[in-house]
Amino acid sequence: MRKYQVVFFGTSEFAVPTLKSLLESQEIEVNAIVSQPDRPTGRHQELTSTPIKAFAEKTGIPVLQPESLKKNPDFEELLQNLEPDLFVVVSYGQIIPKRLLEIPKFGALNVHGSLLPRYRGASPIQQSLLSGDTQTGITIIKINEKMDEGPILFIKRIPIEETDTFETLYAKLAALGGEFIAPVALDYIDETLGPIPQDHSRATYCEKIEKEDGRINWKVQTAEEIHNRIRAFTPWPGCFTMWNGKRLKVLKAKVQSDAKEKVGMIKIHTRESGEKELWIGTKHGALVAEKLQIEGKGEMDAKTFINGYGGKIQETPELSN
RNA sequence: CGCGGGGUGGAGCAGUGGUAGCUCGCAAGGCUCAUAACCUUGAGGCCGGUGGUUCGAGUCCACCCCCCGCAA
């Protein structure tokens with residue numbers, strides 16, 4: 001029996017479990033992998049493979065890395081010659097033009113890291129944390145020409161735990177993609193799964209995350225909001241503030257909502273148990289920093305930070321944007 | 001060679017030419033009903049490496065190794 005021919009489009013780590021599961025499927029053959037071009041990255045600006053390329057190199061399947069998909073006849077012809085049945089697209093990073101989407105017999109599927117139609121766009125995982133949601137999940141849709149608006153084939157919900165951060169949710173949702181992509185794709189091809197249009201009236205969109213979104217504004221943000229931002233933005237872009245002319249990142253924190261500390265002031269608070277904590281005043285409540293990193297140094301927990309910088313905190317307790 | 005910060009006892013930091021310190025941890029002892037609290041004492045550093053300047057260098061110079069922030 002002929003296996004279904006699938007072309008996989010993906011770039012980031014999020015796409016790896018999905019690709020892996022397609023490769024393991026008995027009824028599917030991944031005959032090409034498309035990823036973003038290698039970019040200069042890291043401390044020395046070295047050209048680095050995308051996570052998908054790094055993974056794919058182990059399998060021996062060729063990786064295509066077109067600079068652009070628009071007006072790229074060579075690439076279009078190449079895809080046509082592969083005679084694909086289906087595209088699977090996961091965090092690829094580029095919009096795939098309509099004419100390319102028409103190449104495969106069954107169109108293209110996409111795994112999205114939110115419960116569509118909520119959080120269409122590029123940063124659904126961060127957005128659900130920023131909003132303080134208590135549940136999220138993945139949605140597998142059939143791609144149409146509009147971004148994240150295609151009809152839904154499958155939704156899997158999971159709860160967001162208080163302890164979840166971008167990293168934990170990212171891993172959970174990526175794994176779900178891997179768990180469900182192959183069966184959903186096959187059911188879709190068999191037509192045992194029918195696409196259901198999204199309720200566009202309930203759609204919401206992710207704001208694009210900018211570097212500057214990580215800058216903490218102690219005056220206008222509440223402890224609760226900052227806590228959610230830390231959960232969403234760690235490790236990128238990270239939540240930071242300025243202290244003594246240096247960038248101070250808060251990597252992990254909790255909220256002390258009944259505290260009334262001076263806004264933007266850091267202080268060492270001793271609990272009755274004798275435990276010392278770092279409290280920072282916000283618009284409402286205090287943020288209790290548990291893990292932090294100062295520019296040029298490694299990350300450290302609050303206790304370690306107090307041991308080394310305790311005196312300095314008392315000298316210059318004010319933080320600035 | 002993209003820009004920049006840093007490598008000092010187990011951890012985090014101070015110390016910029018002249019006998020190596022602080023907070024924490026650790027060990028022993030004390031106080032206490034008790035303690036992550038408090039008091040005493042103690043162990044533990046060839047100050048990343050190599051070479052150089054100097055009467056004398058964590059402390060100045062050169063090169064090398066390693067860690068990290070920005071950037072992507």
Side-chain angles (χ1 to χ4, degrees), chain A residues 10-16 34-55 57 63 65-68 91-95 121-123 125-126 165-167 170 206-218 226 229-230 232-254 256 265-280 287-321:
Chain A
T11 298
S12 72
E13 201 66 48
F14 189 77
V16 172
V34 185
S35 194
Q36 291 284 321
D38 294 349
R39 307 279 186 210
T41 186
R43 196 114 54 201
H44 303 290
Q45 295 296 104
E46 286 161 357
L47 222 49
T48 308
S49 296
T50 69
I52 279 295
K53 184 186 177 189
F55 177 79
E57 277 169 347
V63 177
Q65 299 178 284
E67 190 60 47
S68 170
S91 74
Y92 172 57
Q94 265 191 63
I95 292 176
S123 54
I125 301 174
Q126 290 93 329
T165 65
F166 172 75
E167 288 183 290
Y170 186 90
C206 305
E207 297 154 31
K208 189 181 174 191
I209 296 173
E210 306 282 347
K211 193 82 190 170
E212 278 300 302
D213 292 335
R215 190 181 289 275
I216 299 170
N217 189 329
W218 304 103
I226 295 169
R229 295 174 86 86
I230 291 167
F233 293 157
T234 303
W236 193 90
C239 280
F240 66 94
T241 185
M242 298 304 288
W243 182 53
N244 285 312
K246 286 194 173 174
R247 180 182 294 244
L248 179 66
K249 278 187 179 175
V250 184
L251 303 169
K252 186 165 183 259
K254 58 185 179 185
Q256 185 73 33
M265 298 292 269
I266 183 169
K267 99 170 193 193
I268 299 169
H269 179 269
T270 307
R271 288 200 178 271
E272 285 177 27
S273 61
E275 217 173 342
K276 289 179 178 172
E277 294 183 329
L278 282 174
W279 288 28
I280 305 169
L287 190 76
V288 183
E290 297 182 302
K291 199 179 283 182
L292 40 186
Q293 179 173 27
I294 199 161
E295 185 180 322
K297 296 292 188 179
E299 59 179 78
M300 56 185 96
D301 57 38
K303 191 181 172 195
T304 304
F305 188 82
I306 291 168
N307 285 340
Y309 295 96
K312 203 154 189 177
I313 291 170
Q314 279 155 23
E315 284 171 31
T316 53
E318 71 278 9
L319 299 167
S320 58
N321 298 331

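Chain identifiers are assigned alphabetically (A, B, ...) following the order of the sequence lines, protein sequences preceding nucleic acid strands; residue numbering begins at 1 within each chain.
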Whole Å only: how far is the NZ atom of A:Lys246 from the C1' atom of B:G12?
14 Å
Name the nucleic acid region contacted by A:Thr41, choosing base, sugar-phosphate or nothing; use a 4.0 angstrom heavy-atom cut-off, strictly under.
base
Interatomic distance at P, B:G25 relative to B:A20, whole Å:
26 Å
After noting the C-alpha distance and the side-chain angles of A:Ile226 and A:Val250, does the key distance pass the side chain to side chain contact (heavy atoms under 4.5 Å, CB included) rule?
CA-CA 10 Å; A:Ile226 295 169; A:Val250 184; over 6 Å; no
If you measure from the C1' atom in B:U59 to the same atom in B:A72, how many Å do you get, rounded?
37 Å
Between B:C24 and B:A43, how far apart are the two C1' atoms, rounded to whole Å?
16 Å
Starting from P on B:G2, measure out to CD on A:Glu46 and report it in whole angstrom.
9 Å
Close residues, residues 305-314 of chain A, relative to RNA chain B [heavy-atom separation under 4.0 Å]
A:Asn307, A:Gly308, A:Tyr309
Take atom C1' in B:A57 and the same atom in B:C66, then report the distance between them in whole Å.
22 Å
Here the pair of heavy atoms bringing A:Phe166 nearest to A:Pro235 is CD2-CD, 4.0 Å
What does B:C24 pair with, Watson-Crick or G-U, if both distances are under 3.5 Å?
B:G10
Taking the chi torsion of B:G58, is it syn (within 90° of 0) or anti (everything else)?
syn
How far does the P atom of B:G69 sit from the matching atom of B:C55, given to the nearest Å?
43 Å
Atom pair distance, as rounded to whole Å: CG in A:Leu278 and C1' in B:G12:
13 Å
Taken to the nearest whole Å, CD/A:Gln45 to C1'/B:C1 is 12 Å
Rounded to whole Å, CG of A:Leu292 lies from P of B:C13 at a distance of 11 Å
For A:Pro40 and A:Glu275, find the nucleotide of RNA chain B closest to each by heavy atoms; which residue's nucleotide sits nearer the 5' end?
A:Glu275
Do A:Arg43 side-chain and B:G2 base share a donor-acceptor contact under 3.5 Å?
no
Between P of B:C70 and CD of A:Glu299, the distance in whole Å:
12 Å
RNA chain B contacts made by residues 232-244 of chain A, counting heavy atoms under 4.0 Å
A:Trp236
Does any non-hydrogen side-chain atom of A:Ile52 lie less than 4.5 Å from one of A:Val16?
yes
Separation of the P atoms in B:G12 and B:G52, to the nearest angstrom:
32 Å
Taking all atoms of both residues into account, what is the closest heavy-atom pair of A:Pro37 and A:Thr50, and its distance?
O-CG2, 4.2 Å
Write down the partner of B:C70 under the Watson-Crick or G-U wobble criteria, each distance required to be under 3.5 Å.
B:G2
Suppose the criterion is side chain to side chain donor-acceptor pair (under 3.5 Å): which pairs have a residue in residues 238-250 of chain A, not counting sequence neighbours?
A:Trp218-A:Thr241, A:Asn244-A:Thr316
If I take atom NZ in residue A:Lys276 and atom C1' in nucleotide B:G12, what distance separates them, rounded to the nearest angstrom?
14 Å
Please state how far atom CG in A:Leu248 lies from atom C1' in B:C70, giving the value in whole angstrom units.
15 Å
Tightest non-hydrogen contact, residues A:Ser68 and A:Gln94, listed as CA-OE1, 3.8 Å
Say we look at B:G6 and B:C13: how far apart would their P atoms be, to the nearest angstrom?
12 Å
Integer angstrom distance from the P of B:U23 to that of B:G15
16 Å
Using OP1 and OP2 only, check whether a side-chain N or O of A:Gln293 sits under 4.0 Å from B:C68.
no
